[in-house]
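In what follows, every chain begins at residue 1, and chains take the letters A, B, ... in the order their sequences are listed.
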Amino acid sequence: MTHVLLRNVEKYYGAVHALSNINIEIANGEFVVLVGPSGCGKSTLLRMIAGLEDISGGDISIAGRRVNDLEPRERDIAMVFQSYALYPHMKVARNLGFSLELKKTPELDAQKAIANAAKILGLDPYLDRFPRALSGGQRQRVAMGRAIVRRPQVFLFDEPLSNLDAQLRVHMRTEVRRLHQELAATSIYVTHDQVEAMTMADRIVVLEAGQIVQTGSPLELYERPANRFVAEFIGSPSINILPGRILDTGRVEIAGESLPGPGPVGAKSGAVDVGVRPEDLHPADDGALFGVVSVVERLGAETYVFMKCADADLCWRVPGTPKINIGETLRLAVNEERLHLFRPEDGARLN
Amino acid sequence: MLVLRGYSRLIGIFLLTLSAFIIVAPFLWVALQSFKYEIQILQGTWFTEPTLHNYVDVLWSQRSDFLKNVLNSMIVAGVSTICVLVVGTLAAYSLARLRWKRWIAAGFLAWTLVFNMIPPLTLVGPWFLIFREIGLLQSLFALVLTHITLNLPMTVWMMMAYFNELPRDIEEAAMVDGCRRIDAFWRVSLPLVAPGLIAAGVLAFVFSWNEFAVALNLTSRATATVPVAIAQFSQQYEVQNGQMAAASVLSTIPALLLMFFGQKFIIQGLTMGAVK
Amino acid sequence: MKAAAALATGGSDYCETSSTRICLAREGADEKNRQYSLWCRACAAGAPSAIWCQLMTSAESPAARRALGSITDLLDRHIGWFTLGPAILLLLLLTVYPIINVVLMAGSSIHFEAGQEVWKFALWSNLRELEHDRIFRVALRNTAIYAVASVLIEMALGLGLAILVSSMRRMKGFMRTLLIVPILLPPVAIGSMWKLMYSFDFGVMNQVVTGLGFQPVNWLGSTSLALISVIIVDVWHWTPFVFLILFAAVEGLPTEVIEAARIDGARTYDIVFKIIIPLLKPAIIVAALFRTILAFKVFDEIFLLTSGGPGNSTEVVSLYLYQVFFEQNQLGYGALLSLAIITATIVFILIGYRVKSATEAS
């Protein structure tokens, strides 16, 4: 069931075309992440859904109701801001209950809702404090609690974790996900962090320069990126891009060696960018790629080996901690069936 | 910051003590004179038996309207401060937060800048004629109006600085939470700029209390404010130095009180725009 | 503003619905109002917002609430004009309209006959008077000397004091408190205080001078000295203001930069002149601007101290305007002078703006 629908949404700032032709359907209870580099328009889109930015064209509807001309307060949404935007002059309890206060919710119901939210988020001990007396993580929870208390149609998150330190961020990631499972509320989550997107989303919408590049589940995006941009954006360490050629025979040539190629290719022979995930490499005596190891990063569970190869920087991800030294010459082969081919001119996917 | 050691530190302390003395000394000397009889002042006697004679004269003598002047000043400063806070804060919020056409916002601010730079006396002439025309000349109401206008630019700029410091997110969160624009202003933004309101209020009050050029020309004997009265003390045919000193000392009381109680806000207000 | 725009484009119906919806919601909540306000107060207890909250809720009796609701709805819909409108109205009535009046007056001569204003066209004679007005030229010159001298001295003293006080470990708060006093005193009171102090016969200034073994000085009575005496008062009055602004700026400087300079081998002299003062440049410019504007407008103290005398030695622009308007009753000619000053101010601002944007561009 479609819950939030964006149809042909446009945004202009004067002559600047900030968002063009955005179409997204979000099902009830779905957790959708809008991801993209900074300046791609993802926050603007979220703020348009919230009603904080005007909509230049197209329609946005929430729960079957067109909301284009509604004020934020009339859209029945809740939003968690990057800066948390807690009311500094109100204690935590009143921060949580402010929306209910505005709705003139009866006192008992309001208190119950606040107590409930506080329990879910572990905020009980802090209800009587001002936001300034809280740590970053606690403030973040209050911001989330404020959204939960309302039981809105849609939760909007605007990079809510980016002001936390790394460890807390990882923790809150699972926390948000857990909350979503408990509340089963439709959520739209904006982030520039692809790891956040991959770990949290039911579905990811990748935006670049005001346009949707690809929509899909995290694995779909990882395994079949629609273009070179998505391939490079999703996945860490980033995908290796090597210059290559498609031969008349349908085979692919990298570094002077021809390989069977990853199945049907929608292009004639010619130059091509070949994308290889760092884990799709393996050592082989007759491997096409060889080079000198320049950097070795050992993370414990796995090791990243960086080397110079065929005029490109290559990263190889090896499980465990194999004995590889800097300066060593390695010969690697690729898993042919897992190659990604992109057109060099515009980065479109070819296979 | 800078660290001074040895001799230079001693010199520094000496210079600071000297400047503190220079700031305080005139005030103390005048206060001293206010407790002397006229003849002692003229003789330049330093230490005498203190007398309250001058204060009694200023406050309660037949020839003096000083208490009436104080009342006038209180009314004018109080009313004009409240009004300028309301008008100025609303305007500042409007300019800081609402989407005005560029030329309106820029025009408004440019005009307040121009108005703030020209000497008020250029406008006292037409004010005089206008208020005379509508029968408000020599009324406290007219003086209040002019004081609101004179303090409006400062109030608008100061409050704009405070509103601009307030993150927009907070207001947006309130609007998502169910506030109309006006609720967000009243329940969220306004309480958060309370320090700014105090700072602007204190300064507007002091400036209105101190204002002389306009009050001199738009008031009568019945509506004269304290500065006008002090000027009259020194312009009389037979100058009463003791009374002049006493009136001056008395006129500084509100400023001194505000300084002790609102010091933090005054400093914030006076330095805010300049440092950023 | 958004709502106002929606209204203008014919989208007003949603406003109607929203207001009615809110009214309905309110009716249901009326009986809960008392508890609600208690709860609200309890939540905010101890915070400054408690008073606010009380104001918000207790002021609304159930009956008055609906009326209040529709009023605030109206205000919300026209929030742009409701917020900026009063200020614009005030400025139109009390600044723009009077300035239009100034323009009209400038071309006239105005007399009062039996309580009635009599206006006559007199642009040419007014202009001729301006052309030959020696006193106005003296006033301009004195104002310029007064502004430049007092601002320069105040900047130097204020800057020195600010850096000196910031280098002290203690006394910072005390000095700051002390130095606000002159700023807040009524200028008229300052004028009258200094008039007593400058008194030839019994003033403390002459007591100091004679105490040092010199002849007593006629501070306000000699044409060569009066302007200097007046400038001294201004310096006493306004150096604290410069100090306050620059002190806040000095305290706001990043400590690391100065520490880095000290480690790099900078001596006190280098730190002051090569680090602190260059970093303070924006604040210095702002303080100087503020002070120049105020010095240009000076009236109160000079009115009290010398009334422009002796001769015209302390005649300044504002004082001359006052004399033309209210002592000589030449409203028309005074308006012409005002107009000249207003025009000059605007030109000055425009030039300043040009220079500013030019320096920012380069």
Side-chain angles (χ1 to χ4, degrees), chain B residues 1-4 12 15-16 19-20 23 26 29-30 33 41-42 44 87 90-91 93-94 98-99 111 114-115 117-119 121-123 125-127 130 145 148-149 152 180-182 191 194 206 210 212-213 217 227 230-231 234 241 244-245 248 251-252 255 259 263 266-267 270-271 274-275, chain C residues 1 49 52 72 75-76 79-80 83-84 86-87 90-91 94-95 98 101-102 161 163-164 166-167 177-180 184-189 192-193 195-197 202 204 207 244-245 248-249 252 271 283 286-287 293 297 299-300 304 318 321-322 325-326 331 334-335 338 341-342 345-346 349:
Chain B
M1 288 299 106
L2 203 62
V3 177
L4 295 178
L15 286 177
L16 279 189
S19 37
I23 293 295
W29 186 80
V30 172
Q33 306 310 305
I41 297 175
L42 293 177
V87 175
L90 287 176
Y93 179 79
S94 207
L98 306 181
R99 265 169 279 167
W111 181 248
V114 170
F115 172 63
M117 280 184 73
I118 57 178
L121 273 159
T122 55
L123 289 181
W127 279 342
I130 291 166
L145 273 183
I148 297 171
T149 315
L152 188 66
R180 291 166 300 177
R181 179 55 95 171
I182 193 170
V206 170
N210 292 352
F212 173 63
N217 298 309
I230 294 175
S234 70
N241 293 306
M244 212 165 118
S248 302
S251 75
T252 61
M259 188 202 76
Q263 196 203 126
I266 295 174
I267 293 170
L270 282 176
T271 53
V275 181
Chain C
M1 209 27 215
S49 57
W52 203 268
T72 53
L75 293 181
D76 187 57
I79 191 159
T83 48
L84 197 56
L90 194 69
L91 286 179
L94 275 127
T95 65
N101 259 344
V102 166
L161 266 180
I163 294 173
L164 200 55
S166 81
S167 77
T177 311
L178 200 66
L179 282 161
I180 318 176
L184 298 182
L185 298 184
V188 173
S192 113
M193 279 164 56
K195 191 169 185 177
L196 291 170
M197 294 182 17
F202 61 87
V204 69
Q207 286 178 351
L244 206 61
I245 288 184
I271 292 175
V286 169
I293 293 170
K297 298 202 279 192
F299 174 74
D300 307 10
L304 257 282
S318 283
L321 275 176
Y322 165 79
F325 267 123
F326 296 101
L331 288 166
S338 302
I341 292 163
I342 293 169
T345 310
I346 292 173
I349 292 176

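Of the atoms belonging to B:Phe212, heavy atoms from both backbone and side chain fall under 4.5 Å from chain C. When heavy atoms are compared at a cutoff of 4.5 Å, C:Leu331 approaches chain B solely by way of its side chain, counted from C-beta outward. Looking at C:Ile349, the atoms closer than 4.5 Å to chain B (heavy atoms on both sides) all sit in the side chain, from C-beta outward. With a 4.5 angstrom heavy-atom cutoff, B:Val114 touches chain C via backbone and side-chain atoms both. Looking at C:Leu304, the atoms closer than 4.5 Å to chain B (heavy atoms on both sides) sit in the backbone and in the side chain alike. The parts of C:Leu178 that come within reach of chain B are both its backbone and its side chain, each placing non-hydrogen atoms under 4.5 angstrom from that chain.
Between B:Thr149 atom OG1 and C:Leu94 atom CG the span is 4.0 Å, to the nearest 0.5 Å. Rounding to the nearest 0.5 Å places CG of C:Leu164 at 4.0 Å from CG of B:Leu16. From B:Asn210, atom CG reaches atom CG of C:Leu184 across 7.5 Å, with rounding to the nearest 0.5 Å. Expressed to the nearest 0.5 Å, how far CH2 of B:Trp111 lies from CG of C:Leu91 amounts to 8.5 Å. Atom OG1 of residue C:Thr95 and atom CG of residue B:Leu152 lie 9.0 Å apart, to the nearest 0.5 angstrom.
Of all heavy-atom pairs spanning C:Ile79 and B:Arg181, the tightest one is CD1-CG, 3.5 Å. Scanning both residues, B:Ala213 and C:Phe299, for their nearest heavy atoms gives CB-CD2, 3.5 Å. For the pair C:Phe325 and B:Pro126, the tightest heavy-atom approach, listed with the atom from each and the gap, is CZ-CD, 4.4 Å. Across all non-hydrogen atoms, the minimal contact from B:Leu98 to C:Thr83 is CD1-OG1, 3.7 Å. In terms of heavy atoms, C:Leu84 sits closest to B:Ser94 at CB-OG, 3.6 Å. Of all the heavy atoms in C:Pro86 and B:Val87, the pair that sits closest is C-CG1, 4.0 Å.
Scored by the side chain to side chain donor-acceptor pair (under 3.5 Å) test, B:Ser248 finds C:Ser192 as partners (sequence neighbours excluded). Considering only residues two or more places apart in sequence or on other chains, B:Ala194 meets the side-chain contact (heavy atoms from CB on, under 4.5 Å) condition with none of them.
The candidate from C:Leu75, C:Ile346, C:Ile341, C:Leu196 with the greatest count of non-hydrogen atom pairs under 4.5 Å with chain B is C:Leu196. The choice from B:Gly12, B:Ala91, B:Pro26 that makes the most heavy-atom pairs within less than 4.5 Å of chain C is B:Pro26. The greatest number of non-hydrogen atom pairs below 4.5 Å with chain B, out of C:Asn101, C:Thr345, C:Asp300, is found for C:Asp300. Heavy-atom pairs under 4.5 Å with chain C were tallied for B:Ala20, B:Gly125, B:Ser19; the largest tally goes to B:Gly125. Ranked by heavy-atom pairs under 4.5 Å with chain C, the list B:Ile130, B:Thr252, B:Asn217 is led by B:Asn217.
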Let's go through C:Leu90 and B:Leu145 carefully: what are the C-alpha distance in whole Å and the side-chain angles of both, what is the deciding distance for side-chain contact (heavy atoms from CB on, under 4.5 Å) to 0.1 Å, and is it a yes or a no? CA-CA 8 Å; C:Leu90 194 69; B:Leu145 273 183; 4.2 Å; yes

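Judged by distance alone, the side chain of B:Trp127 and the main-chain N or O of C:Pro98 form no donor-acceptor pair under 3.5 Å.
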